[in-house]
Amino acid sequence: MRPVFIILYLSLLGLYLFVETGDSLRRRAVNKILLSSLFLFFGQFWFWTNGYARGWQFMALVGMFYACMGDALLLFSFGAGGAAFTVCNLCFIGYTFCTLFFGGAFPQALIFLTVGLLAFFGIFFGATRSKWIDLGEKTSLAFFYMLTVALHGILGVAAAVLLPSAHTILLGVGLCLFMIADHFLAIYKFRTKNKRALRINTSCYFLGMMLVALSFSVLP
């Protein structure tokens with residue numbers, strides 16, 4: 001089933017990159033919701049059929065569900081979509097934290113967290129204080145959201161490096177791409193309306209979620 005999923009998903013992603021900046025909201029909505037439904041359906045199917053059924057692992061299912069919800073809501077409301085993605089991020093933080101903790105690798109992951117968070121704080125405060133990105137009254141909300149996406153990206157990379165397996169590598173790379181995507185979305189929303197930044201955001205996010213879904217197609 002993996003080849004079918006990948007071919008269909010990449011075909012829809014290529015089409016979405018073409019219609020995303022067009023004038024038809026209906027085409028964007030249908031294309032985007034189909035993409036999101038694919039990673040949600042296949043990710044959950046593989047989750048149930050490949051033995052990912054411990055209590056804490058259900059956070060990944062909830063995370064994928066809220067990512068799909070966020071994609072739909074963003075078509076109509078940036079705030080509502082952001083709220084859904086915040087829940088998604090918190091779920092992936094919980095999942096990657098538990099993966100590291102129960103794998104016995106969390107003490108070593110603190111090194112990744114320290115370095116990653118220092119880089120995040122430096123970039124965020126450097127960009128906002130210099131007004132390279134002007135968030136205005138949304139600075140606090142943006143900081144909290146970007147912190148959540150940075151945390152699951154950092155923890156995902158830590159899991160891939162410290163507990164290498166097909167699952168953690170796919171998951172870690174996927175969440176890292178998700179993190180990168182949101183940085184380009186911030187650039188698009190608050191710095192420039194350059195369509196290239198939007199396409200990079202879309203490509204990184206949907207490729208990342210494809211890898212997250214695929215990570216559950218392999219045994220834990």
Side-chain angles (χ1 to χ4, degrees), residues 1-2 4-6 8-9 32-74 80-110 112-113 116 144-182 204-220:
M1 291 184 67
R2 282 192 293 266
V4 174
F5 168 67
I6 293 170
L8 182 58
Y9 192 91
K32 190 176 189 182
I33 291 171
L34 281 174
L35 268 172
S36 302
S37 298
L38 275 178
F39 73 64
L40 178 63
F41 172 79
F42 279 95
Q44 296 212 12
F45 173 79
W46 285 320
F47 180 95
W48 289 108
T49 56
N50 284 306
Y52 294 89
R54 301 167 197 153
W56 57 268
Q57 291 178 323
F58 286 97
M59 286 187 285
L61 287 184
V62 179
M64 284 188 283
F65 172 77
Y66 274 96
C68 183
M69 286 292 295
D71 285 332
L73 290 171
L74 275 179
F85 273 113
T86 299
V87 178
C88 163
N89 296 340
L90 292 172
C91 289
F92 282 128
I93 289 169
Y95 181 80
T96 50
F97 174 86
C98 289
T99 299
L100 289 160
F101 181 80
F102 290 111
F106 190 73
Q108 300 95 307
L110 291 175
F112 286 82
L113 275 172
F144 177 74
Y145 176 82
M146 295 304 292
L147 179 61
T148 63
V149 78
L151 279 170
H152 79 56
I154 295 165
L155 290 171
V157 171
V161 173
L162 298 173
L163 299 170
S165 68
H167 171 65
T168 56
I169 291 171
L170 287 169
L171 178 73
V173 174
L175 292 179
C176 186
L177 285 171
F178 188 153
M179 176 180 66
I180 293 169
D182 274 352
C204 288
Y205 167 72
F206 278 110
L207 288 174
M209 290 307 298
M210 181 184 78
L211 295 179
V212 170
L214 283 169
S215 75
F216 292 99
S217 71
V218 289
L219 291 173

*Asks:* Is there side-chain contact between Y52 and L61, with at least one heavy-atom pair below 4.5 Å?
*Replies:* no
*Asks:* Would you mind listing every side-chain hydrogen bond (donor to acceptor under 3.5 Å, both in side chains) that reaches into residues 152-163, with sequence neighbours excluded?
*Replies:* N89-H152
*Asks:* So that I know where these two stand, are W48 and F58 an aromatic pair - ring centroids less than 6.0 Å apart?
*Replies:*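 W48 vs F58: aromatic centres under 6.0 Å.
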*Asks:* Does F42 have its ring centroid less than 6.0 Å away from the ring centroid of F216?
*Replies:*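 No, the ring of F42 stays outside the 6.0 Å limit from the ring of F216, centre to centre.
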*Asks:* Can you measure from CD1 (I180) to CG (L175) and round to the nearest 0.5 angstrom?
*Replies:*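 Here the rounded value is 11.5 Å.
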*Asks:* Can you sort out the partners of S217 under side chain to side chain donor-acceptor pair (under 3.5 Å), two or more places apart, ordered by chain and number?
*Replies:* R2
*Asks:* Please list, one pair per line, the donor and acceptor atoms closer than 3.5 Å that link side chains of residues 205-214 to other protein atoms, with sequence neighbours excluded.
*Replies:*
from: Y205; atom 1: OH; to: D71; atom 2: OD1; distance (Å): 3.3
from: Y205; atom 1: OH; to: D71; atom 2: OD2; distance (Å): 2.8

*Asks:* Taking side chain to side chain donor-acceptor pair (under 3.5 Å) as the definition, give me every residue that meets it alongside T168, ordered by chain and number, with sequence neighbours left out.
*Replies:* S165
*Asks:* Can you tell me how far apart CG (L163) and OG1 (T99) are? Round to the nearest 0.5 Å.
*Replies:*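 If we round to the nearest 0.5 Å, L163:CG and T99:OG1 are 8.0 Å apart.
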*Asks:* Name the orientation class of the two ring planes belonging to F106 and F97 (parallel below 30°, tilted from 30 to 60°, perpendicular beyond 60°).
*Replies:*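 Rings of F106 and F97: perpendicular, as their planes differ by over 60°.
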*Asks:* For a quick test of reading the model, state the closest non-hydrogen atom pair linking A109 to L100 and the distance between them.
*Replies:* CB-CD1, 3.8 Å
*Asks:* So, do F65 and V62 sit near enough that their side-chain heavy atoms are less than 4.5 Å apart?
*Replies:*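 The answer is no, as the side chains (C-beta and beyond) never meet within the 4.5 Å cut-off.
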*Asks:* Which residue, V87, L90, D182, forms the side chain to side chain contact (heavy atoms under 4.5 Å, CB included) with T148?
*Replies:* L90
*Asks:* In Å and rounded to the nearest 0.5 Å, what is the CD1 to OG distance from I169 to S215?
*Replies:* 11.5 Å
*Asks:* Under the rule for ring pair (Phe, Tyr, Trp, His ring centres under 6.0 Å), what residues qualify as partners of W56, not counting sequence neighbours?
*Replies:*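 Ring pair (Phe, Tyr, Trp, His ring centres under 6.0 Å) list for W56, sorted by chain: Y95, F102.
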*Asks:* For the residue pair C176 and V157, what are the closest heavy atoms and their distance?
*Replies:*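 It is CB-CG2, 3.9 Å.
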*Asks:* What distance do M59 atom CE and C91 atom SG have between them, rounded to the nearest 0.5 Å?
*Replies:* 7.5 Å
*Asks:* Going by heavy atoms in the side chains, are N50 and V218 under 4.5 Å from each other?
*Replies:*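 No, their side chains stay 4.5 Å or more apart.
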*Asks:* Decide if atom CE of M69 counts as having more than 12 heavy atoms of other residues, nucleotides or ligands within a radius under 6.0 Å.
*Replies:*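 Counting neighbours around CE of M69, 12 or fewer heavy atoms of other residues, nucleotides or ligands fall under 6.0 Å, so no.
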*Asks:* Could you grab the distance from atom NZ of K32 to atom SG of C68, nearest 0.5 Å is fine?
*Replies:* 10.5 Å
*Asks:* How long is the span from the CD1 atom in I93 to the SG atom in C98, to the nearest 0.5 Å?
*Replies:* 11.5 Å
*Asks:* Do you know which two heavy atoms are closest between A80 and L73, and how far apart they sit?
*Replies:*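 The answer is O-CD1, 3.7 Å.
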*Asks:* Anything under 30° is parallel, anything over 60° is perpendicular, the rest tilted; go ahead and classify F45 against F41.
*Replies:* parallel
*Asks:* If the condition is side chain to side chain contact (heavy atoms under 4.5 Å, CB included), which residues does C88 pass it with, not counting sequence neighbours?
*Replies:*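 Scan of C88 (side chain to side chain contact (heavy atoms under 4.5 Å, CB included), adjacent residues dropped) gives Y66, A67, F85, F92, F178.
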